[in-house]
Peer 1: 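Got a structure for you, written out below as structure tokens; questions coming shortly.
The figures here come from the full heavy-atom set of this structure, side chains too, leaving out hydrogens, waters and symmetry mates. For the single chain, residues carry numbers from 1 onward in sequence order. Whatever order the structure lists ligands and atoms in, that order sets their numbers, starting from 1.
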Amino acid sequence: MAYRVTLIRGDGTGPDVVDATVRVLEATGVKFEWDPQPAGEDIMAQYGTPLPQQTLDSLRKTRVGLKGPLTTPIGTGFRSINVAIRKELDLYACLRPCKSFEGVRSLYRNINIVVVRENTEDLYAGVEFQVGSTGAKDLTSLIRREGMNVLDAEHAGFSIKSISELGTRRIVKFAFDYARQYKRKKVTAVTKANIMKFTDGYFYEIARGVAKQYPDIQYDEFLVDATCMRLVMRPEEFDVLVLPNLYGDILSDLCAGLTGGLGIAPGANIGEHCAVFEAVHGSAPRYRGQNKVNPTAMILSGVLMLRHLGETKAADIAERAVVEVVKEGTHVTYDFKPRRDDPTAVGTKEMAEAIAKKVEALKVHA
Ligand code: NAD
């Protein structure tokens, strides 16, 4: 049987890292029927939209996607396509494992943290009001009426933070189910509930209720500022973190930094009916078409996809192949080297080829 998977190559360096990942995934022997679909800045002119309906339809049909990074212009232009895909398909759980790799320059060893970020609510929900808009005027009246502490409500933009019972219950349940499945010991919920009592406080209230259903897994809570400090000082104390959207976004980059950076940080966006696998990093547009960037994060996202499909043996082999190639350090991209202009660095394609060859060799001995 071949798995039908929607393939979005993405913008900038996306096609380089996605092609590299396809090479490695196919080397495992698992059969795929790729369904290539357009999305992103580059296809705007041709399709009149960065996210054509056919791409969403394909994802709904295949229920699994492998996606390269997509560019979002800052401040102007269209809203994030990544956020739109997550919203359209209700991919509510963002999974970002952060693991130390031998051979990667980083501040710490033995980090093994999994960040579970809520993907649909919070300040990311896009409930924003421009200065002078009707919504902003309504909020200005509310602020005046309630005597809230806003310096200049007449000339202010507003963004609404929403934390719901359903949204919180399902993300915390996801974190505990993940912990149970992968034999993790602890889930830590992270918020700023001391200040945002009605939103983050509510997140804790719901999380505590869910935690009671998992007596085999330890549950604790930390404030987001304290968590940042502890992550830098004693990262080994953390196991699975579960967070509302914005804190999850920030802390998953922090955790990626602890293990060696975006080049090795994989991710997945998972919902009830569909899952999309993508690296944490963006489209790194300045390296576009240069066969330069590190394919590891995208390949490890492919490994997460194999696990999601139940192809555990293939996933273990592919992950081991990545670990060995990175540890050997002879077929790795520039960012693994102490100097960016190291002449011994190889390109994206060459590193993927070395990993694919390693997969094939490991398969023989498996
Ligand atoms: P970025 O992740 O593209 O780049 C940040 C830094 O990391 C740059 O120095 C870049 O060269 C480096 N980097 C990124 N990926 C790398 C890799 N695989 N190997 C080696 N180095 C790598 O972040 P950015 O510059 O803030 O964003 C660029 C674009 O990507 C923006 O339009 C942003 O919106 C978009 N973006 C998309 C996604 C996504 O599709 N999921 C995620 C983040 C950012």
Peer 1: Which is closest to atom 15 (N) of ligand 1 in terms of heavy atoms, Glu41, Arg340, Glu278, His281?
Peer 2: His281
Peer 1: Which of the numbered atoms in ligand 1 are under 4.0 angstrom from any heavy atom belonging to Leu262?
Peer 2: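 So the answer, numbered in order with elements, is 2 (O).
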Peer 1: What do you reckon, does Leu70 put a non-hydrogen atom under 4.0 Å from ligand 1?
Peer 2: yes
Peer 1: Using a 4.0 Å cut-off to any heavy atom of Tyr287, which atoms of ligand 1 qualify?
Peer 2: 11 (O)
Peer 1: Do you know which of His331, Lys358, Arg23 makes side-chain hydrogen bond (donor to acceptor under 3.5 Å, both in side chains) with Glu353?
Peer 2: Arg23
Peer 1: What atoms of ligand 1 come within less than 4.0 Å of a heavy atom belonging to Asn82?
Peer 2: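 Those qualifying, in numeric order: 37 (C), 38 (C), 39 (C), 40 (O), 41 (N).
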Peer 1: Centroid separation under 6.0 Å, is that true for the rings of Phe101 and Phe336?
Peer 2: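 Phe336 vs Phe101: aromatic centres not under 6.0 Å.
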Peer 1: Can you find a pair of side-chain heavy atoms, one from Tyr92 and one from Glu121, that are under 4.5 Å apart?
Peer 2: no
Peer 1: Between Asp16 and Arg288, is there a salt bridge with N-O shorter than 4.0 Å?
Peer 2: no
Peer 1: Considering the heavy atoms of Val280, write down every atom of ligand 1 situated less than 4.0 Å from one of them.
Peer 2: 42 (C), 43 (C)
Peer 1: For ligand 1, is any non-hydrogen atom under 4.0 Å from Phe336's backbone (N, CA, C, O), its side chain (CB onward), both, or neither?
Peer 2: neither
Peer 1: I'd like to know if Lys67 contacts ligand 1, where contact means a heavy-atom distance under 4.0 Å to any ligand atom.
Peer 2: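 Contact check Lys67 vs ligand 1: positive.
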Peer 1: Tyr334 heavy atoms, cut-off 4.0 Å: which ligand 1 atoms fall inside?
Peer 2: 20 (C), 21 (N)
Peer 1: Apply side-chain contact (heavy atoms from CB on, under 4.5 Å) to the pair Ile85 and Lys67, showing each step before the final yes or no.
Peer 2: CA-CA 11 Å; Ile85 291 175; Lys67 177 188 148 303; 4.1 Å; yes
Peer 1: If you measure only the distance, is there a donor-acceptor pair under 3.5 Å linking the side chains of Asn119 and Tyr124?
Peer 2: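 No, because no side-chain N or O of Asn119 sits under 3.5 Å from a partner of the opposite role on Tyr124.
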Peer 1: Pick out which of Thr55, Asp57, Thr49 makes a side-chain hydrogen bond (donor to acceptor under 3.5 Å, both in side chains) with Gln53.
Peer 2: Asp57
Peer 1: Geometry only, no angles: is Ala284 polar-contacting ligand 1 at N/O separations under 3.5 Å?
Peer 2: yes
Peer 1: Check whether any heavy atom of Arg286 sits under 4.0 Å from an atom of ligand 1.
Peer 2: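 Arg286 counts as a contact of ligand 1 under the 4.0 Å cut-off.
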Peer 1: Is any N or O atom of Arg86, backbone or side chain, closer than 3.5 Å to an N or O atom of ligand 1?
Peer 2: no
Peer 1: Does a side-chain heavy-atom distance below 4.5 Å link Met351 with Val326?
Peer 2: yes
Peer 1: Determine whether the side chain, the backbone, both or neither of Thr71 has a heavy atom under 4.0 Å from any heavy atom of ligand 1.
Peer 2: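 It is both parts that get close, each with some atom under 4.0 Å.
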Peer 1: Looking at ligand 1, does any of its N/O atoms fall within less than 3.5 Å of an N/O of Gly282?
Peer 2: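 N/O-N/O distance below 3.5 Å exists for this pair.
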Peer 1: Are Glu311 and Tyr3 linked by a side-chain donor-acceptor pair shorter than 3.5 Å?
Peer 2: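 Judged by distance alone, the side chains do pair up.
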